[in-house]
Number of protein chains: 2
Amino acid sequence: MVDGWLPQPATEEIELVKVMHALGDPVRMQLLSVFLDGKEHGCDLSGLGLDHLHKSTVSHHMRVLREAGVTATRTVGRNRLVQLRKADLDTRFPGLTDALLTAMGR
Amino acid sequence: MVDGWLPQPATEEIELVKVMHALGDPVRMQLLSVFLDGKEHGCDLSGLGLDHLHKSTVSHHMRVLREAGVTATRTVGRNRLVQLRKADLDTRFPGLTDALLTAMGR
DNA sequence: ATCACGGTTTGATGCTCGTCAAACAATAGG
DNA sequence: CCTATTGTTTGACGAGCATCAAACCGTGAT
């Protein structure tokens, strides 16, 4: 019933070096590849090759991404919906998410 | 008299996650801000606020950047000339260095 | 109220990394 | 040849990080 957003840095507070650090991990990079479409995603990571990871480990990586300002997480019921903060990132670092989208994905 | 290039990954071998990891450090980020002009630079880091760092520490960071494929280092005499591998990075990850240049610097 | 579900938090462990210090290597100059 | 310069390499140390496991917490269903 609480249904709100998890804590995250304001747009102006997003730091490039922290974003880079957040993306400098294979697991988080793979998570990013899912979020790059900009849509909301559940925490079901089946079909990602992340089955071997403990749920608390994934939760940790999700937190790193969120605290770096890369993603935003919304609580609805007992689920979490995660999405890329594309607009905010484009404001702070124009062209960055586009470059990532080009480099990854297709 | 040997005057050659220090070992570095081939263009196709440059991995995005390793580049991100290399850039996920404040010191290396500051070094990058110097190299973003694409020109060759000596290892004189005066006026960068890196005076407090030991020379071996800077050498370490230079190596990380080079092994990630971010920079290329040339040996001339007893000096090292370092420059951004802009063409190679643009080939692998189009728009990335431009986005970094926009985000940092001016 | 009780239970199951989805996810977080805490603690512990091992590995990686940033830093310094000292030794080393190669080169330019006397 | 000797010395100074420029930067690398090695070793050591401490901090940080990725991972797991177990406990915990809010929510929805029974």
Side-chain angles (χ1 to χ4, degrees), chain A residues 1-8 15 17-32 34-35 40-68 70-83, chain B residues 1-8 15 17-32 34-35 40-68 70-83:
Chain A
M1 200 196 285
V2 185
D3 280 14
W5 296 87
L6 271 60
Q8 63 179 34
E15 297 177 32
V17 63
K18 290 188 180 178
V19 172
M20 292 301 177
H21 177 262
L23 270 42
D25 177 272
V27 174
R28 291 193 290 265
M29 202 59 136
Q30 195 148 0
L31 290 174
L32 178 72
V34 175
F35 300 142
E40 284 187 321
H41 291 268
C43 290
D44 61 333
L45 28 75
S46 33
L48 277 180
L50 273 53
D51 319 8
H52 57 102
L53 289 175
H54 201 274
K55 57 177 182 174
S56 61
T57 302
V58 177
S59 180
H60 161 70
H61 287 300
M62 290 292 197
R63 162 135 79 157
V64 173
L65 287 174
R66 177 168 38 89
E67 291 183 339
V70 176
T71 57
T73 302
R74 190 162 62 99
T75 294
V76 46
R78 51 186 174 185
N79 296 317
R80 256 70 169 173
L81 292 182
V82 185
Q83 66 179 348
Chain B
M1 201 193 286
V2 185
D3 280 14
W5 296 87
L6 271 59
Q8 63 179 33
E15 296 177 33
V17 64
K18 290 188 179 177
V19 172
M20 292 301 177
H21 178 262
L23 269 45
D25 176 273
V27 174
R28 291 193 290 265
M29 203 57 138
Q30 196 148 358
L31 291 174
L32 177 72
V34 175
F35 299 142
E40 284 187 322
H41 290 268
C43 290
D44 62 330
L45 28 75
S46 35
L48 277 181
L50 272 53
D51 319 8
H52 56 102
L53 289 175
H54 200 274
K55 57 177 181 173
S56 59
T57 302
V58 177
S59 180
H60 161 69
H61 287 300
M62 291 292 197
R63 164 136 77 159
V64 173
L65 287 174
R66 177 169 34 92
E67 291 184 339
V70 177
T71 58
T73 302
R74 191 163 61 98
T75 296
V76 45
R78 50 186 175 184
N79 296 317
R80 257 69 170 175
L81 292 182
V82 184
Q83 66 178 348

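Throughout, protein chains are lettered first and strands after them, A, B, ... in sequence-line order, and every chain is numbered starting at 1.
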* Asked: In whole angstroms, how far is the P atom of C:dC20 from the NZ atom of B:Lys55?
  -> 13 Å
* When the nearest nucleotide of DNA chain D is assigned to A:Val76 and to A:Val64 on a heavy-atom basis, which residue is associated with the more 5' position? -> A:Val64
* To do: Looking only at side-chain atoms of A:His54, point me to the closest of D:dG7, D:dC17, D:dC20.
  => D:dC20
* Structure fact -> Here the distance between atom C1' of C:dT19 and atom CZ of B:Arg28, to the nearest Å, is 12 Å
* To do: Figure out the NE2/P separation between B:His60 and C:dG18, and round it to whole Å.
  => 4 Å
* What's the shortest heavy-atom distance between A:Glu40 and A:Gln83, and which atoms? -> CG-OE1, 3.5 Å
* Write down the distance between CG (B:Asn79) and C1' (C:dG29), rounded to a whole number of angstrom. => 14 Å
* **Between D:dT6 (C1') and B:Leu81 (CG): distance, integer Å** => 12 Å
* Check every atom of D:dT8, C:dT8, D:dT5 against the side chain of A:Ser59 and return the nucleotide holding the closest atom. => C:dT8
* Asked: Between B:Leu53 (CG) and D:dT8 (C1'), how many Å, whole number?
  -> 16 Å
* Heavy-atom check, side chain of A:His60 versus side chain of A:Arg63, under 4.5 Å -> no
* To do: Could you tell me whether the side chain of B:Thr75 has a donor or acceptor atom within less than 3.5 Å of a complementary atom in the base of C:dA26?
  => no
* **Residue met sooner reading DNA chain D from 5', once A:His21 and B:Met62 are mapped to nucleotides** => B:Met62
* Asked: Between C:dC20, C:dT9, D:dC20, which nucleotide gets closest to the side-chain atoms of B:Thr57?
  -> C:dC20
* For A:Glu67 and C:dT8, what is the distance between atoms CD and C1' respectively, to the nearest whole Å? -> 12 Å
* Asked: Would you say the side chain of B:Leu50 lies within less than 4.5 Å of the side chain of B:Val27, judging by non-hydrogen atoms?
  -> yes
* To do: Mind checking the CG-CG spacing from A:Leu23 to A:Leu32? Nearest 0.5 Å is all I need.
  => 5.0 Å
* To do: Please name the pair of heavy atoms, one in B:Thr73 and one in B:Arg80, separated by the smallest distance, quoted to 0.1 Å.
  => CG2-CG, 3.4 Å
* Rounded off to whole Å, could you give me the CZ-to-P distance for the A:Arg78 and D:dT30 pair? => 10 Å
* Asked: Heavy atoms under 4.0 Å, any strand shown: does A:His61 hit a base, just sugar-phosphate, or nothing?
  -> sugar-phosphate
